[in-house]
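Accompanying notes for the structure given below.
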Amino acid sequence: MTFRCVVCNGDGTSRSTVTVDAPDAESLFRRFEGSERLLISYEGVSGGHGSVRSRSRVNAGTVIEFTENMAALMNSGLTVQEALKVGSQINGQPKNRQLCGELLSVLMKGEQLNAALSLYAPSFSPLYISLVRIGEASGSVNEVFARLAKYLRTRKENAQKVLQAFIYPATVLVTAVCVAACIIFFVFPKLKELFEVFTESSSEVAAGMARVYRSMAVSTGIFFFLLSCSILVFILYRSSQKAALKIDALLLKVPFMGQYIKISCTSDFSFAMELLCSSGIPLVQALGQSGDVSGNRAYRKAVARVMDDIAKGGRLSSSFARQGVFPEYLVTWIGIGETTGNVGGVFSQIHDYYDKQSSRIIGNMIVSAEPVCTVITGIIIFFMVGQFVLPVFSLLGGL
């Protein structure tokens with residue numbers, strides 16, 4: 001199998017991209033062990049003759065269940081193979097049992113767990129696989145699974161809280177929009193037929209109906225324009241990396257939403273840095289793997305620029321500050337870490353802080369989501385009454 005690898009030299013002063021052929025991810029890691037180059041990140045490019053085929057994707061729920069089961073089973077004293085064997089037999093989701101069985105079959109062929117997990121990339125992220133590899137090398141796989149299980153569960157719970165907070169308000173808002181659309185496209189065409197009887201004999205009624213129709217045409221045009229723009233933005237976001245990068249960068253600047261995205265990304269980033277640095281991974285290599293955790297492309301690119309600055313000999317805190325993306329608290333504590341000579345250690349403090357900040361913002365979202373959507377719904381109804389309902393009733397009163 002062919003891998004595209006990002007590597008740097010031992011002192012982190014230069015970075016390059018190389019292509020390496022290896023049977024699997026574990027063999028790829030062995031290629032760089034003891035060499036002068038550090039493997040920062042990798043991705044599979046193509047599979048050659050005799051290469052191991054990548055498996056199908058695994059959904060996020062199955063990944064969380066698998067991680068929690070492995071953490072519980074290994075904490076009870078089981079080895080990796082024993083935990084996978086039990087996981088393939090115990091009651092649970094069929095997909096989880098199937099995953100454990102397939103991973104066990106790969107391990108029975110002499111491979112390690114991190115190499116088996118790499119067959120399911122990107123379901124298992126590079127960070128996930130790297131941490132498992134480090135745990136296998138240090139004999140602390142059970143601790144790695146315990147930390148990953150807590151991290152993944154927290155992320156899922158936060159996402160569910162946000163979704164639940166917006167379900168009811170979004171339903172009310174969508175209902176209001178649908179009602180407005182029905183009035184514009186179904187009710188008023190029927191009224192048009194009614195008023196056509198009077199427009200020939202009354203210039204006042206004809207002028208009033210003309211104003212209503214103009215308002216309808218403008219409102220309909222604005223609605224379809226906004227809908228078309230939304231669809232176009234979604235298509236560009238999914239199909240163009242360049243457009244997705246610009247959209248993500250714009251989202252970081254949106255009030256309130258941008259703040260939450262930064263806090264969420266920083267919490268994930270600092271968690272990854274905490275685990276990697278505490279496992280003895282060099283700082284530059286840890287930055288390369290931690291940047292992939294963020295779901296925002298602009299944030300990931302900012303981390304990559306920091307990594308390039310560090311490789312050229314720049315100061316870490318100065319590099320973070322220059323990007324204009326990272327929160328001030330992160331920059332301040334990295335500067336403290338540079339002063340004390342313990343940069344890796346401060347990421348634990350950073351993660352705890354932003355984990356609490358993320359929970360606080362989610363709590364505020366839950367409280368404010370319903371009132372905000374109710375106000376928006378009221379604005380839509382007020383607009384419909386002012387632009388269409390009142391003028392029509394005024395015309396009816398004048399007949």
Side-chain angles (χ1 to χ4, degrees), residues 4-6 8 15-17 40-45 57 60 121-123 125-127 155 158-159 162-163 166 170 173 177 221-273 284 286-312 314 316-331 334 350 354 357-358 361-362 365 369 372-373 376:
R4 183 182 295 111
C5 306
V6 178
C8 68
R15 178 186 175 201
S16 60
T17 301
I40 298 175
S41 62
Y42 69 93
E43 61 176 345
V45 179
R57 288 198 175 191
S123 300
S125 66
L127 173 68
R155 288 189 65 183
N158 288 341
V162 174
L163 179 63
F166 281 94
L173 181 60
V177 172
I222 293 175
F223 174 78
F224 279 108
F225 174 76
L226 295 176
L227 180 63
S228 301
C229 289
S230 300
I231 295 174
L232 178 61
V233 169
F234 178 77
I235 293 174
L236 288 174
Y237 189 83
R238 296 298 298 270
S239 60
S240 172
Q241 291 291 334
K242 187 176 181 180
L245 177 62
K246 292 183 178 180
I247 294 171
D248 280 343
L250 182 62
L251 289 176
L252 291 177
K253 300 177 182 179
V254 176
F256 304 111
M257 179 186 292
Q259 181 187 9
Y260 172 71
I261 293 174
K262 286 183 181 180
I263 289 176
S264 178
C265 290
T266 303
S267 177
D268 294 340
F269 169 71
S270 57
F271 168 80
M273 288 295 295
V284 175
L287 284 170
Q289 296 182 9
S290 299
D292 294 333
V293 177
S294 171
N296 186 280
R297 292 171 176 81
Y299 197 99
R300 291 203 301 264
K301 186 174 181 180
V303 174
R305 289 197 297 264
V306 169
M307 188 170 59
D308 290 337
D309 288 346
I310 300 302
K312 296 175 183 177
L316 188 62
S317 58
S318 300
S319 299
F320 272 97
R322 278 196 298 269
Q323 306 309 318
V325 171
F326 304 101
E328 184 177 352
Y329 187 90
L330 172 69
V331 178
I334 289 177
I350 295 171
Y354 281 106
Q357 287 289 97
S358 180
I361 290 180
I362 289 174
M365 283 184 180
V372 170
C373 287
I376 295 175

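Note on ring orientation: taking the six-membered ring where Trp is involved, the planes of Phe320 and Phe269 are tilted (angle from 30° to 60°).
Looking at Asp248, its side chain does come within 3.5 Å of a backbone N or O of Arg297 through a donor-acceptor pair. Formation of a donor-acceptor pair under 3.5 Å by the Ser290 side chain with backbone atoms of Ala286 is found in this model. Ser240 places no side-chain N or O within donor-acceptor distance of the main-chain N or O of Leu236, the cut-off being under 3.5 Å.
A 4.5 Å side-chain heavy-atom check between Ile261 and Met257 finds at least one atom pair inside the cut-off. Residues Ile247 and Lys242 have side chains not in contact (no heavy-atom distance under 4.5 Å, counting atoms from C-beta outward). Counting heavy atoms from C-beta outward, Asp309 and Arg322 have side chains that approach closer than 4.5 Å.
Looking at residues two or more places apart in sequence or on another chain, you find a salt bridge (Lys or Arg N to Asp or Glu O under 4.0 Å) between Arg155 and Asp268. With sequence neighbours excluded, the residues satisfying ring pair (Phe, Tyr, Trp, His ring centres under 6.0 Å) with Tyr354 are Tyr329.
For residues 255-266, the side-chain hydrogen bond (donor to acceptor under 3.5 Å, both in side chains) pairs, not counting sequence neighbours, are Thr266-Tyr299.
Once rounded to the nearest 0.5 Å, the distance linking CD1 of Ile263 with CG of Leu330 reads 12.0 Å. Within the model, atoms CG of Leu252 and CG of Asn296 stand 4.0 Å from one another, a figure rounded to the nearest 0.5 Å.
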